[in-house]
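See below for the structure under consideration.
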Amino acid sequence: MTRDKAATLRLDPDAIAVTFEGETPGANTVRRKRAVLHHLLEQAVEQELFTTNPLDEIKWTPAQGRDRR
C-alpha cells in the first residue's frame, strides 16, 4: 500500500472518532461506528468493488473515548 493511499484510508477511521461538535464520543460509539464502516467495506468486497477490505490494511487504534457514567 502506498503512503498516499494509507493516508486517505486513515481519514475515515479518524472521522468516526469525533462528533459533529468536534468532541470525543464515547468509546462504544467509536467501536460501533468502526464496525459499521468495516461491514460496509466488506460488502463492497463481496460485490467485487474492492479486492480486499482496505480497513484491514491500516493500523489504527482509536483515541480513548470519554466515559459516560
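Please read these numbers as outputs of a predicted model, since none were measured by experiment. FYI, side chains are in, hydrogens and waters are out, and symmetry mates aren't considered; it's all heavy atoms of this structure.
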What are the two closest heavy atoms between P25 and T19, and how far apart are they? CB-CG2, 3.8 Å
Under 3.5 Å, sequence neighbours excluded: what are the donor-acceptor pairs made by side chains of residues 45-56?
unit_1	atom_1	unit_2	atom_2	d
T52	OG1	E57	OE2	2.6
N53	OD1	L55	N	2.9
N53	ND2	H38	O	3.4
N53	ND2	H38	NE2	3.2
N53	ND2	E42	OE2	2.9
D56	OD1	H38	NE2	3.0

Can you name the residues that form a side-chain contact (heavy atoms from CB on, under 4.5 Å) with H39, not counting sequence neighbours? Q43
